[in-house]
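Because only heavy atoms are used, hydrogens play no part in the values below, and waters and symmetry mates are left out as well, while side chains stay in. Residue numbers begin at 1 in each chain, while the letters A, B, ... track the order of the sequences.
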2 protein chains.
Amino acid sequence: MSIAQPSETPARRGPGRPVSLTKRRAMLDAAIREFQAHGYDGASMDAIAASSDVSKRTLYNHFASKEVLFRSLVEEMGQRVSVFSKIEYSPDVPLREQLTRYAQDSARLIQDGETLALFRAILAEHVRNPKLVASAMEHYWRDEYGFAGWVSAACRDGKLRAPSPKRASRHFSSLIKGAVVWPVVFEQRVLTPREARAAIEEAVEMFLGYYAT
Amino acid sequence: MSIAQPSETPARRGPGRPVSLTKRRAMLDAAIREFQAHGYDGASMDAIAASSDVSKRTLYNHFASKEVLFRSLVEEMGQRVSVFSKIEYSPDVPLREQLTRYAQDSARLIQDGETLALFRAILAEHVRNPKLVASAMEHYWRDEYGFAGWVSAACRDGKLRAPSPKRASRHFSSLIKGAVVWPVVFEQRVLTPREARAAIEEAVEMFLGYYAT
DNA sequence: CAATTAGTATACTCTACGGTGTAGTTTATA
DNA sequence: TATAAACTACACCGTAGAGTATACTAATTG
């Protein structure tokens, strides 16, 4: 159950062949491909091993089971998301600009091919078996809460008027996800940068139109 | 591949035991349960047969394969959605009321336990294998387009000002889904009627605030 | 070099499941 | 009541995949 830390330095504790991080990376990448293509059940450890040019046994030496492997991916996804979905209130930058940047980060993250593939695999599994995946998804949903903090700050600064920052943040999230996340995830839509920008701009506009003082 | 019609009258074409619609229903219901609980691959025909108190052979006599069975469910889902997601513009009913009713229908539909289970199963599969499911999901996404018609009508009637009715309808859809659909589907949130009503009201408010003339 | 650990190749077990075949039972119609 | 279809019970087949065992080679360090 314990997930290997992404420590870049293999522990040197005596003689012996050092563990290959390259191989580990290859296994994870192959796993992403397979899980995305065939889902959790459909993906086979044999295929993952083959596709990463690693013997099945090695795969099992790195990841004790299919579930552990999947969980590692989930963990990784959590990292990516939490790195991106940060927003801090800056009093001297126009709200419009801050919001736009935040939304664009979301859009960019989900447009990235590998992240999208991984997200799809996780989402599919999450819908079926929320527990398996809860921790990572929380990162994802929680971005709304982080954003709620931003809204509160903006309110305190007198630039927004939101009776409930949480609701307001949900509104913004809904608009952004509806515009540039779900279409990509569900409908295979590829948004051109122009489209994405336009959609974001309008969402921001609507949000500010309603909440800005 | 041909999907059995939901005709309530079994064709009477001579002697012989008539096909039992009760059993058919039981199989479909069991299938919903199993697909939801274990996903497409995870669900087993044996389990579905057992859970519906029907012999495996009968199950296969009704549905030639697992895929056919699943497709029948998808079809059914399409029906449910398209029945609910109808909205027609009425010039003499306040917009607020029409929108609210429409949103509440969406909310009610997804709150229904069986529909929710079915929707989850289909969604999970859709993310993985869009083709298998495309037809039904189209019903679902299309509701936005139906709604776009409503927006256009309201504009013609001078009650809304929306440069792009399609975008406007997407905005509304995003707000509603973000408020009362995705939380239920993804986060297992159970919305009390009060919560749902409040969330819808605010979404409607925001929409009208931005688009109403 | 010796020791030790990582990785390989391959064969194997066990289980689960999709789908079929069959012989018999039930429930209807004409 | 004869006939025909729906349904049952159950054995069966083939395959695929998770995980293991083993005997090997490769790459390190002291």
Starting at the 5' end of nucleotides 15-20 of chain C, put B wherever the base has a protein heavy atom under 4.0 Å, S where only the sugar-phosphate does, and a dash everywhere else. --SBBB
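- Here Phe186(B) and Trp182(A) bring their ring centres to under 6.0 angstrom of each other.
- In this structure, the side chains of Tyr211(A) and Phe172(A) stay at 4.5 Å or more apart for every pair of heavy atoms.
- In this structure, CG of Leu69(A) is placed 15 Å from C1' of dG17(D), rounded to the nearest angstrom.
- Side-chain atoms of Lys66(A) come within 3.5 Å of backbone N or O of Tyr40(A) as a donor-acceptor pair.
- To the nearest 0.5 Å, atoms CZ (Phe147(B)) and CG (Leu99(B)) are separated by 5.0 Å.
- The phosphate of dG7(C) (OP1 or OP2) has a side-chain N or O of His62(A) nearer than 4.0 angstrom.
- Remark: Ser55(B) is in phosphate contact with dT8(D), judged by side-chain N or O atoms under 4.0 Å from OP1 or OP2.
- Using a 4.5 Å cut-off on side-chain heavy atoms (C-beta onward), Trp150(B) and Leu160(B) make contact.
- If you take CG of Asp53(A) and C1' of dA9(C), they are 14 Å apart, rounded to a whole angstrom.
- Counting to the nearest Å, the C1' atom of dA5(D) and the NZ atom of Lys23(B) are 15 Å from each other.
- Atom pair Leu59(B):CG and dA6(D):P shows a separation of 15 Å (rounding to whole Å applied).
- Within 6.0 Å of CZ in Arg25(A) there are more than 12 heavy atoms belonging to other residues, nucleotides or ligands.
- Counting to the nearest Å, the P atom of dT22(D) and the CG atom of Asn61(A) are 15 Å from each other.
- Between Thr58(B) and the phosphate of dT8(D), there is a side-chain N or O to OP1/OP2 separation shorter than 4.0 Å.
- Here the straight-line distance linking atom NZ of Lys166(A) with atom OG of Ser152(A) works out to 11.0 Å at 0.5 Å rounding.
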Distance-only donor-acceptor hits, side chain of residues 31-38 of chain B, under 3.5 Å, sequence neighbours excluded:
| unit_1 | atom_1 | unit_2 | atom_2 | d |
| --- | --- | --- | --- | --- |
| Arg33(B) | NH2 | Ser51(B) | O | 3.4 |
| Arg33(B) | NH2 | Ser51(B) | OG | 2.7 |

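- Within a 6.0 Å sphere centred on CD of Glu201(A), other residues, nucleotides and ligands contribute 12 heavy atoms or fewer.
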Listing time: all N or O pairs from protein to nucleotides 1-4 of chain C that are below 3.5 Å?
| unit_1 | atom_1 | unit_2 | atom_2 | d |
| --- | --- | --- | --- | --- |
| dT4(C) | O2 | Gly16(A) | N | 3.3 |

